[in-house]
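Below is one structure, written out as structure tokens; comments come after it.
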Amino acid sequence: MPPDPQSPAIHLPWPLRDKVAFVGIGTTRYGNFPETDSYGLGCEALNAALDDAGLTPAEIDGLIVNRIPSYERFAEMMGINPQYCLLTETPGRFSGVSLALAAQAIATGAAKTIALVYGNNGRSVRMLYGGGDSQWSPWGMTSPGAIHAMMWQRHMHDFGTKHGDLGEVSVAFRHHATLNPVAVMHGKPITLEDHATARPICEPLKLLDYCLINDGAVAWIMTSAERAKDLKRPPVLLSGYARQDCFAYGSAPADDYWYPTLSACRSVYDRAGIGREDIQGLGIYDNFTPTVMFSLEGLGFCKQGESGEFVKGGTLRLGAGRWPTNTSGGHLSDSYMQGWGIIAECVRQLRGDCGARQIPDAKVMQYICATHIAQSLILRRADA
């Protein structure tokens with residue numbers, strides 16, 4: 001029988017709300033390690049995550065790997081024989097995609113405990129993110145940096161923002177790196193003047209608008225919220241996630257700054273049952289400084305075109321602003337682990353593991369990724 005059009009709508013809670021938890025986090029050092037590779041780095045990170053969770057490889061029955069060439073070889077190296085296994089594509093947006101796939105697998109019983117592992121030896125093998133045969137666009141755009149430079153150039157034209165507005169992002173994240181003893185840029189604070197006078201790369205972007213390229217690895221272990229209660233560390237719950245794709249751009253710059261796809265991800269608040277004002281801190285995918293601005297506008301922290309004013313005065317800076325963001329230093333100043341490290345930092349914040357960079361009484365964190373696969377997720381402390 002069709003529903004009665006006169007009946008009030010029934011809004012049921014999102015079925016995956018708080019059903020899946022992070023129970024283990026592991027990261028390696030970040031730098032240049034030609035003596036190893038993505039397999040070795042991934043094993044190091046996963047062993048750290050297993051120790052963190054108090055689990056053994058035999059207790060892992062699901063495996064998702066990213067930027068590690070073969071899940072078969074990696075599973076063999078770790079002594080894992082999973083019933084659920086997957087290798088995802090290499091772009092950074094697949095950190096969030098991998099997380100969602102793991103949550104769905106756990107919720108449907110495809111696996112009970114899933115290890116998600118990212119390993120990247122891009123610095124030691126001199127990975128070039130652009131150049132060469134202009135793989136990023138059939139129209140001659142040479143790199144993702146060029147694409148973001150063109151988008152920010154248009155943003156400045158459309159809304160009156162300036163290159164200097166991006167300096168607030170770089171300076172805040174570098175400050176956080178100075179509080180993080182393992183960040184690549186730990187001992188190298190910067191100022192707004194440093195940002196303004198940095199070496200030009202692709203107009204209007206300069207050196208301090210670009211992410212780092214380093215070797216390293218990150219591992220998460222996820223399981224059901226019920227099982228998480230019995231494990232070693234306080235669980236961090238996945239309260240909601242949202243995603244919206246748009247491939248009309250192809251490889252060309254998005255002339256709307258991904259605003260429609262990001263705005264669609266505002267459904268994450270309803271899914272999580274948590275409002276924007278209930279969030280204590282943010283993790284934003286910062287391959288380039290403009291991406292942070294697009295993310296803030298798209299998820300409604302400020303109106304479109306107003307991100308330049310929004311970030312002024314230390315809005316994103318721990319201890320100074322309302323929205324401490326990328327407290328590890330992010331891709332700009334910690335290391336470019338393509339979203340994986342930023343999500344790990346959100347979990348650590350909620351467990352109170354961040355020392356000098358800890359957000360006081362952090363209960364809820366939000367992750368945002370601006371791309372043509374736009375995503376956001378909300379994590380919360382199990383006792384929040």
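What you see is a predicted model; the values in this text were computed from it and never measured.
The main-chain N or O of Gln338 is found under 3.5 Å from a side-chain atom of Ser95 such that the two form a donor-acceptor pair. In this structure, the side chain of Gln153 does not engage the main chain of Ala149 through any donor-acceptor pair within 3.5 Å. Looking only at distances, no side-chain donor or acceptor of Ser335 sits under 3.5 Å from a matching main-chain atom of Met337. No donor-acceptor pair under 3.5 Å is formed between the side chain of Ser170 and the backbone N or O of Gly167. Within the 3.5 Å criterion, the main-chain N or O of Cys246 finds no donor-acceptor partner in the side chain of His372. Under the 3.5 Å distance criterion, the side-chain polar atoms of Lys206 are matched with a main-chain donor or acceptor of Ala196. Listed for the Asn66 side chain is no donor-acceptor partner under 3.5 Å among the backbone atoms of Val117. The backbone N or O of Lys112 lies less than 3.5 Å from a partner atom in the side chain of Asp61, making a donor-acceptor pair. Judged purely by atom type and a 3.5 angstrom limit, Lys232 uses its side chain to pair as donor or acceptor with the backbone of Asp51. Formation of a donor-acceptor pair under 3.5 Å by the Thr161 side chain with backbone atoms of Phe159 is not found in this model.
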Verdict with reasoning, Ser376 to Gln366, per side chain to side chain contact (heavy atoms under 4.5 Å, CB included): CA-CA 7 Å; Ser376 186; Gln366 182 174 1; 2.9 Å; yes
Stepwise side chain to side chain donor-acceptor pair (under 3.5 Å) check, His331 with Asp286: CA-CA 6 Å; His331 296 146; Asp286 57 330; 3.0 Å; yes
Derivation of the side chain to side chain contact (heavy atoms under 4.5 Å, CB included) call for Ile64 and Tyr71: CA-CA 8 Å; Ile64 298 176; Tyr71 58 77; over 6 Å; no
Worked verdict on Glu277 versus Arg322 for salt bridge (charged side-chain N to carboxylate O under 4.0 Å, His left out): CA-CA 10 Å; Glu277 290 302 318; Arg322 167 65 181 86; 3.7 Å; yes
Stepwise salt bridge (charged side-chain N to carboxylate O under 4.0 Å, His left out) check, Arg380 with Asp278: CA-CA 10 Å; Arg380 74 171 181 89; Asp278 299 318; over 6 Å; no
Side chain to side chain contact (heavy atoms under 4.5 Å, CB included) evaluation trace for Thr289 with Phe173: CA-CA 10 Å; Thr289 48; Phe173 295 1; over 6 Å; no
Test log, rule side chain to side chain contact (heavy atoms under 4.5 Å, CB included), inputs Leu55 and Thr223: CA-CA 12 Å; Leu55 294 170; Thr223 190; over 6 Å; no
Test log, rule salt bridge (charged side-chain N to carboxylate O under 4.0 Å, His left out), inputs Asp334 and Arg357: CA-CA 13 Å; Asp334 181 18; Arg357 66 185 191 277; over 6 Å; no
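Considering only heavy atoms from C-beta on, Leu379 stays 4.5 Å or farther from Val364 through its side chain. A heavy-atom distance below 4.5 Å is not found between the side chains of Thr28 and Asp215. Residues Leu166 and Met293 have side chains in contact (heavy-atom distance under 4.5 Å, counting atoms from C-beta outward). Side chains of Tyr257 and Pro290 form no contact here, defined as non-hydrogen atoms less than 4.5 Å apart. Ile342 is not listed as a side-chain neighbour of Ile284, based on a closest heavy-atom distance of 4.5 Å or more. Side-chain contact between Ser38 and Arg67 is absent, with no heavy atoms from C-beta onward closer than 4.5 Å. Side-chain contact between Trp220 and Ile25 is present, with at least one heavy-atom pair separated by less than 4.5 Å. Inter-residue side-chain proximity for Tyr30 and Leu212 is flagged as unmet; no heavy-atom pair is nearer than 4.5 Å.
Hydrophobic clustering of Ile, Leu, Val, Met, Phe, Trp and Tyr side chains at less than 4.5 Å, counting indirect connections, unites Leu262 with Ile147. In the hydrophobic clustering of ILVMFWY residues, with side-chain heavy atoms under 4.5 Å counting as a link, Ile368 and Leu296 come out together. Cluster membership check: Val182 does not share its hydrophobic cluster with Tyr336, using side-chain heavy-atom separations under 4.5 Å among Ile, Leu, Val, Met, Phe, Trp and Tyr. Leu87 and Leu116 end up in different hydrophobic clusters when Ile, Leu, Val, Met, Phe, Trp and Tyr side chains are linked at under 4.5 Å. Under the 4.5 Å side-chain heavy-atom criterion for ILVMFWY residues, a single connected hydrophobic cluster contains both Leu318 and Leu350.
Between the CG atom of Asp245 and the OG1 atom of Thr371 there is a distance of 9.0 Å, given to the nearest 0.5 Å. Atom CG of residue Leu237 and atom CD1 of residue Ile378 lie 13.0 Å apart, to the nearest 0.5 angstrom. We find the CG-CD1 distance between Leu208 and Ile190 to be 4.5 Å, quoted to the nearest 0.5 Å. One distance of note links CG of Leu99 with CD of Gln104; it measures 10.0 Å at 0.5 Å rounding. Separation of atoms CG (Leu101) and CD1 (Ile106) is listed at 11.0 Å; rounding is to 0.5 Å. Note that CG of Leu316 is 8.5 Å distant from CG of Asn326, once rounded to the nearest 0.5 Å.
Across all non-hydrogen atoms, the minimal contact from Tyr241 to Ala103 is CE2-CB, 4.3 Å. Heavy atoms only, all atoms of each residue included: Phe74 and Cys43 are closest at CE1-N, 3.5 Å. Looking at every heavy atom in both residues, Gly24 comes nearest to Ala53 through CA-CB, 3.9 Å. The two atoms that bring Asp37 and Gly40 nearest to each other are OD1-N, 2.9 Å, heavy atoms only.
Using a 4.0 Å cut-off between a side-chain N of Lys or Arg and a carboxylate O of Asp or Glu, Arg174 and Asp194 do not qualify as a salt bridge. With respect to the salt-bridge test (charged N to carboxylate O, under 4.0 angstrom), the residues Asp270 and Arg17 do not qualify.
Using a 30° and 60° split on the angle between ring planes, Phe294 and Trp152 fall in the tilted class, from 30° to 60°.
Aromatic ring centres of Trp258 and His148: separated by under 6.0 Å.
Both the sub-6.0 Å distance and the 45° axial angle are satisfied by Arg276 relative to the ring of Tyr269.
Annotation for Glu35: atom CD counts as buried by contact number, over 12 foreign heavy atoms lying within 6.0 Å. Heavy-atom contacts from other residues, nucleotides or ligands closer than 6.0 Å to CG of Asn81 number 12 or fewer.
Residue Met365 is tested with Gln349, Glu345, Arg348, Arg381 for a side-chain contact (heavy atoms from CB on, under 4.5 Å); the sole match is Gln349. With Tyr39 as the fixed residue, the side-chain contact (heavy atoms from CB on, under 4.5 Å) test singles out one of Glu44, Glu76, Arg73, Met78: Arg73.
Side chains of Asp209 and His163: a donor on one and an acceptor on the other come within 3.5 Å. Counted by atom type alone, Glu168 and Thr315 present zero donor-acceptor pairs between their side chains at under 3.5 Å.
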Contacts under 3.5 angstrom, residues 298-311 side chains, donor-acceptor by atom type, not counting sequence neighbours:
| unit_1 | atom_1 | unit_2 | atom_2 | d |
| --- | --- | --- | --- | --- |
| Ser307 | OG | Glu297 | OE2 | 2.7 |
| Glu309 | OE2 | Lys312 | NZ | 2.9 |

